[in-house]
Amino acid sequence: MKAIELENLLKEMSLEEKVMQLVQVPGSVYAKDSATTGILQETVPEKVRRLAGSTLGIMDGGKIRDIQDEYMKHHPHHIPLLFMLDVIHGHKTVFPCPLGQGATFDPDLTEQAAAIQAEEAAADGVHVTFSPMADLVRDARWGRVMESTGEDPLLNGRMAAAMVRGYQGPDLKDGRHVASCVKHFAAYGAAEGGRDYNNTELSEHTLRDSYLPAYQEAIQAGARMVMSSFNSWNGIPVTGSEWLMKKILREEMGFEGVTISDWDAIGQLIPHGYAEDLEDAARKAMRAGVDIDMTTGAYAGYLEKLVREGRLPESELDKAVLRILTLKNDLGLFENPCRGLTEHLPVHTPEEKHALARKAAAESLVLLKNEDGVLPLKAKKLAFIGPYAMSRDLHSTWAINPDRAQGVSVWDAAQEMLPEAGVEVRAAQGCDMVEDGTGLSFFVYHDADQREKNQKWMAEALEAAAWADTAVLCLGEHLLQSGESTSRAKLTLPPCQLELLRRVKEVCGKVIVLLFCGRPLEVAQMADHASALVVCWRPGTEGGHGILDVLTGKVPPSGCLPMSFPHTVGQEPLHYDEYATGRPRPSEGNDMFTSRYLDCANSALFPFGFGLSYGKAEISPVELSGSELREGEHLTARAFLTNHGDEKAAHTVQLYIQDLVGSRVRPVRQLRDFRRVLLEPGETREIAFRIEEPMLRFWRADQTYGSEPGRFRVWISLNSRDGDPVEFRLC
Ligand code: GLC
C-alpha cells in the first residue's frame with residue numbers, strides 16, 4: 001500500500017478498531033500451546049480476539065497460518081494480525097546466548113547468525129522478534145545478563161546494530177526477514193541489587209554515556225520497534241515516562257517506529273505506585289507514547305472511554321495506529337498476510353546453518369587459564385565428567401522452540417571426533433546439576449533415591465578419572481538459573497559440583513574445566529583446581545562440536561570476556577570503566593584510606609576483554625602518529641602483535657582511551673575500537689587504529705554532548721587491565 005492509502009484506511013476505521021490495533025494479546029488466546037501464559041481464551045472478549053492488532057508467543061507456522069486465515073475473514077478492514085516472538089539467539093538452530101556472542105567480539109558473525117534466525121522464524125510466520133536486548137549490564141547477580149552482550153557500551157552498540165541488520169536484511173518484504181524490536185528501553189540492566197524488575201538508580205550522565213548508546217546504535221541500524229522496560233528511573237516507571245519515551249527516544253534519538261510495552265508493564269504502573277488503576281495506567285502510558293499494550297487489557301478496556309471523554313486526544317491514537325499500519329505494510333502483510341509462510345525461500349541449507357552455529361560456539365568460548373599447555377588436547381585417555389558432559393540442553397530459556405534433536409553435547413562430539421585421532425574416551429555424569437537450596441526446587445525434582453544415585457555417579461566418575469590421563473569436567477549453572485527473574489545473591493556452583501571437581505582432582509593430575517553459565521560466576525576455586533578453564537556460556541545447538549574444535553586446536557580460542565568475572569559476589573556491580581575516585585587504591589604501597597575492600601582486591605579476577613589463545617602472544621608498546629589531535633583530523637595508534645607459540649592464535653586487539661581531566665569525572669578506560677586477529681605460529685601483525693575527536697565526546701557538565709580539549713591516554717591491549725599507555729592532547 002502507498003502511504004496515502006494507509007491514511008485513507010485510518011480515516012475509515014472506527015474508534016474501536018483503532019484502539020484494538022494498539023492491543024497485543026498473548027498467543028494463548030489463539031493457540032493453547034503457545035509460549036505465552038496469562039490470559040486464557042475464555043477470558044478475552046470475542047471482540048478483542050477479532051480486532052487485536054498483534055499477538056505474541058506463537059511459534060508454529062501451521063497454527064499461525066490457520067489463525068491469520070480465520071482472523072482475516074472477520075476483520076472489517078482486512079488489516080492483518082501481527083505475530084511477534086522472542087527469537088533472541090535462535091528459532092530452530094540455536095546460536096550462543098547473546099552474552100556468548102558478545103564474547104566473540106565478532107559483529108559480522110552475529111549479523112550472519114541473526115539472518116539465519118530471521119529466516120527460520122519468518123518461515124514459521126513470525127513477523128517481529130523481540131531482539132536485540134541492548135541493555136548494558138554490570139551486575140552478574142541479574143539473571144538477564146545472559147541476554148545482553150555485556151558491560152561495554154561500544155561492544156553492545158556494535159552487536160545490537162549487527163543483530164538488527166541481520167534480522168531485517170535489505171528488504172523487510174522478502175519473506176525471509178523479520179522486524180527487530182530493540183529492548184528494554186531503558187537501563188533495565190541497572191536493577192538495584194541485581195534484582196530483576198527493581199528500581200534503577202543512576203545519574204542522567206551515566207544513563208546517557210553508558211546505558212543509552214547501544215539503543216541508539218540499534219535505532220540507527222533501522223530497528224522498527226522499541227520495547228519499554230519494567231524498571232523505574234528517576235522515580236518514574238519507564239513505561240510511563242514521557243521524558244524517556246518521547247523526549248529522549250523520539251526527539252533526541254529520532255526513533256519513528258512503533259513502541260510496545262514489556263509484558264504487562266502498563267498494568268504494573270499500579271503496583272509501582274504511579275497509577276491509580278488500569279484506566280489511569282492506560283492514560284499515562286499513552287501520554288508517554290507507548291503505542292502497543294502488551295497483554296494488560298488497559299488499552300482495550302479504557303482508551304475508547306478516554307478519547308470520548310476528551311482526556312486523550314484522538315490524534316495521539318491516530319499517530320500510534322498509523323505507525324502500526326506502516327509497519328504491517330512494510331512487512332508486506334497487506335499484500336500477503338501469510339508472508340514468510342508461503343514463499344518457502346530458505347537461503348541457508350541445514351549444513352550452512354549448523355556450520356555457522358558451530359563457528360559461533362567456538363568463537364564464543366573464553367580460555368581463562370591454560371597451564372602446562374594442557375590445551376590443545378594431547379591426552380590419549382580422556383574422561384568427560386559432570387552434569388554437562390552428556391547434556392544437549394546447551395541453549396537458554398529464551399530459545400523457546402529449539403530443534404532439540406539437532407543438539408550436540410560435548411560427549412557426542414568427543415565420541416565423534418577423538419577416537420579417529422587415536423584418543424580413548426569415557427563419560428560419567430559425576431553428580432546432579434543442582435541440589436536443594438538453589439531456588440529451583442519448584443522446577444527441578446529429585447527422586448527419593450537421589451542420594452544413592454549421587455553416590456553411584458560419584459563412584460563411576462572417580463573410576464573414569466583414575467583411568468584417564470586428563471579429566472574434562474563439564475560443570476555449570478542449571479539452564480533455569482539464568483534468564484528472566486533468575487537473580488541470584490550467590491555466584492557459586494552447587495556444592496555437589498565443587499565436590500566432584502575436588503575429588504576428581506585427587507585421582508587425576510590434569511583437569512580441564514568447561515563452565516556452562518549465563519553470567520559471570522565465582523571461578524577462583526575452579527581455577528585453582530584446573531590446569532585449564534574455559535567459559536562456554538550457553539553455546540547452543542552446535543555447542544559440543546564448537547567446544548571440541550577448540551579443545552583439539554582445530555580452532556584456536558579467541559573469545560574475550562564481555563563482562564568482568566569477580567573474585568566474589570561482594571564486588572558486584574563490577575565494571576572496568578569505573579571512575580578513579582579521589583582516593584584511588586595504589587597497585588602497590590600503602591593503600592590505607594583509599595577506595596578499597598579490607599578483604600578483597602578492587603579489580604576483577606578476570607577483567608573485561610580478557611581471553612587467552614594458544615601460543616604465546618606478545619604485544620608491543622603502543623605508538624602514536626602524533627601528540628596532538630585537532631577536530632576533523634585523526635591520529636593513528638599502532639602496535640605489533642606476535643604469536644611466539646607453535647599453534648595458531650586468535651586475539652581481539654582492543655583500543656582504550658582515557659580522558660584525564662573533564663568537566664565531569666571520566667572513566668579510567670573506555671573501549672574505543674577492537675579488531676579480531678588470527679596469527680600463524682611465529683607471525684607478527686601490525687594493528688593500527690584511527691583516533692578521531694568524536695570518540696572523545698561525552699555528556700558534559702553544561703548538559704551538552706561533546707569533547708573537551710586536554711590530555712588523553714591511549715592503550716592498545718588484549719584486555720581492559722594490561723598495557724602501558726601513551727598520551728596525546730586534544731587541541
Ligand atoms: C518478557 C521479557 C521480554 C520479552 C517479553 C515477551 O517479560 O521481559 O524480554 O520480550 O516478555 O515475551
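In this chain, numbering begins with 1 at the start of the sequence shown. Each ligand, and each atom within it, is numbered from 1 in the order the structure gives.
K284 forms a cation-pi arrangement with Y274, by the criterion of a distance under 6.0 Å to the ring centre and an angle within 45° of the ring axis.
Taking 4.5 Å as the limit, some side-chain heavy atom of Q24 sits within range of a side-chain heavy atom of L56. Between L365 and V535 there is no side-chain heavy-atom pair separated by less than 4.5 Å. Between P566 and L491 there is a side-chain heavy-atom pair separated by less than 4.5 Å. A heavy-atom distance below 4.5 Å is not found between the side chains of M227 and S261.
The nearest protein atom to atom 6 (C) of ligand 1, hydrogens excluded, is given as D86 OD2, 3.3 Å; this is a heavy-atom distance. Closest to atom 9 (O) of ligand 1 among all protein heavy atoms lies H184 NE2, 2.6 Å.
The option from T129, D262, I88, L85 that lies nearest to atom 3 (C) of ligand 1, judged by heavy atoms, is D262. Nearest residue to atom 2 (C) of ligand 1 from E484, M84, E147 is E484 (criterion: closest heavy atom).
In this structure, Y197 and Y188 have parallel ring planes: the angle between them is below the 30° cut-off, well short of the 60° mark. The aromatic rings of Y30 and Y71 lie perpendicular to each other, with more than 60° between the two planes, well past the 30° mark.
Note: no N/O pair closer than 3.5 Å links W398 and ligand 1 by distance alone.
Only the side chain of R144 comes within 4.0 Å of ligand 1, judged by heavy-atom distances. Under 4.0 angstrom from ligand 1, there are no non-hydrogen atoms of M133.
Assignment of Y188 to the shell around ligand 1 is not supported, since no heavy atom sits closer than 4.0 Å.
Residue-ligand proximity, W263 to ligand 1, at heavy-atom distances under 4.0 Å covers atoms 7 (O), 11 (O). Atoms of ligand 1 lying under 4.0 Å from at least one heavy atom of M227, given by number and element, are 10 (O). Residue-ligand proximity, F230 to ligand 1, at heavy-atom distances under 4.0 Å covers atoms 7 (O), 8 (O).
For the side chain to side chain contact (heavy atoms under 4.5 Å, CB included) with E151, the lone residue among P562, S564, P520 that qualifies is S564.
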